[in-house]
Amino acid sequence: MPCPIARSLEHVGEWWSILILRDAFKGRSRFDQFQKSLGIAPNMLTRRLNTLVDSGLLERRLYSEKPPRYEYLLTPRGQDFRPVLWTLMAWGNKHFPPEGQTLVVVDAETGEQADPVLVDSRSGRVLRGPEFEVATVPAAGTRIQRSPRAQTPARPPTPTRERATATSSDAPNARRAKHTKVRTSS
């Protein structure tokens, strides 16, 4: 699929997979540790671990020969999933606050609670709409064309962009967003 979200969900979209990755970031690496933490059936855990290994997010490493036992360690690709987990955690705490205790990101030195945000590494600006939006660009390895706003009228049509707009009202707590494809022109 051309959509990177759909491709990513193919590898981590099943909720057990994300929870296994969460536990791997907490230092769990063995089958019995994952099973105890998650309360997941052994056959389901085996399938999810195999998928994460096949997707290159975890590496299976033998730690005991008799009987053969494996541990599952995060790969660099798996390590790159950390900000996704942190962002999902912050979103869940904000929109579905639990009763009692919850997980938060904290500064490892001070213990102060952090507020995960996405930041553009080039400009240092916080990524949020409408200042930033999703655009269709050439596949990896090809040059990205100039911004549609910078194109001259003689150029071909600009890329299709997706924007979210509230459906029921412009109230700040509107629950649903309607995704529309908008053609922009110079």
Side-chain angles (χ1 to χ4, degrees), residues 1-121 126-128 132 134-142 162 164 175-177 179:
M1 299 190 84
C3 175
I5 296 170
R7 287 193 317 274
S8 299
L9 289 174
E10 184 178 325
H11 301 283
V12 296
E14 205 280 330
W15 74 295
W16 284 119
S17 298
I18 294 174
L19 294 177
I20 291 167
L21 289 169
R22 177 204 64 190
D23 279 4
F25 280 108
K26 288 181 173 182
R28 294 183 178 101
S29 62
R30 298 186 177 175
F31 190 94
D32 57 329
Q33 293 172 327
F34 290 123
Q35 189 177 17
K36 182 178 179 184
S37 170
L38 299 171
I40 185 174
N43 62 335
M44 178 64 74
L45 179 55
T46 298
R47 282 197 302 268
R48 294 294 140 238
L49 287 170
N50 287 339
T51 297
L52 291 168
V53 168
D54 292 345
S55 295
L57 293 151
L58 293 177
E59 173 190 345
R60 183 179 339 208
R61 188 178 296 162
L62 186 68
Y63 72 87
S64 172
E65 291 188 17
K66 292 185 182 182
R69 297 277 187 257
Y70 296 90
E71 61 184 347
Y72 298 86
L73 305 170
L74 289 160
T75 63
R77 181 180 288 177
Q79 290 284 347
D80 284 348
F81 196 72
R82 184 187 309 260
V84 176
L85 283 177
W86 284 352
T87 304
L88 187 59
M89 184 179 5
W91 182 79
N93 282 335
K94 179 179 178 179
H95 295 287
F96 307 103
E99 293 182 20
Q101 295 181 333
T102 189
L103 298 173
V104 294
V105 178
V106 297
D107 183 302
E109 290 184 24
T110 66
E112 248 183 83
Q113 186 171 335
D115 182 21
V117 295
L118 294 175
V119 176
D120 175 33
S121 65
V126 173
L127 294 171
R128 64 177 152 237
F132 291 89
V134 175
T136 302
V137 297
T142 58
E162 290 185 18
R175 291 189 166 245
R176 295 186 187 156
H179 292 280

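We number each residue from 1, following the sequence as shown.
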(request) Carefully, step by step, assess T87 and W91 under the rule side chain to side chain contact (heavy atoms under 4.5 Å, CB included). (result) CA-CA 6 Å; T87 304; W91 182 79; 5.5 Å; no
Would the distance check show the side chain of [X] and the main-chain N or O of [Y] forming a donor-acceptor pair, the cut-off being under 3.5 Å?
| X | Y | result |
| --- | --- | --- |
| N93 | L103 | yes |
| R77 | S55 | yes |
| S8 | P4 | yes |
| T75 | L57 | yes |

Minimum side-chain heavy-atom gap [X]-[Y] below 4.5 Å:
| X | Y | value |
| --- | --- | --- |
| Y72 | L52 | no |
| L118 | V126 | no |
| I18 | V84 | no |
| F31 | Q35 | yes |
| R47 | S17 | no |
| T102 | P97 | no |
| L9 | I5 | yes |

Inter-residue atom distance [X].[atom1] - [Y].[atom2], 0.5 Å rounding:
| X | Y | atom1 | atom2 | value |
| --- | --- | --- | --- | --- |
| D23 | L38 | CG | CG | 4.5 Å |
| F25 | L85 | CZ | CG | 6.0 Å |
| I20 | R48 | CD1 | CZ | 7.5 Å |
| E14 | M44 | CD | CE | 6.0 Å |
| Y70 | L49 | OH | CG | 13.0 Å |
| R60 | S29 | CZ | OG | 13.5 Å |

(message) Assess the residue pair M89 and V105 against the criterion (side chain to side chain contact (heavy atoms under 4.5 Å, CB included)); give the C-alpha distance rounded to whole Å, side-chain angles, the decisive distance to 0.1 Å, and a yes or no.
(response) CA-CA 8 Å; M89 184 179 5; V105 178; 3.8 Å; yes
(message) How close do R61 and L73 get, counting heavy atoms only, and between which atoms?
(response) NH1-CD1, 3.1 Å
(message) For a quick test of reading the model, state the closest non-hydrogen atom pair linking F34 to R28 and the distance between them.
(response) CZ-O, 3.5 Å
(message) Counting only heavy atoms not in K36 (residues, nucleotides, ligands), do more than 12 fall under 6.0 Å from its NZ?
(response) no
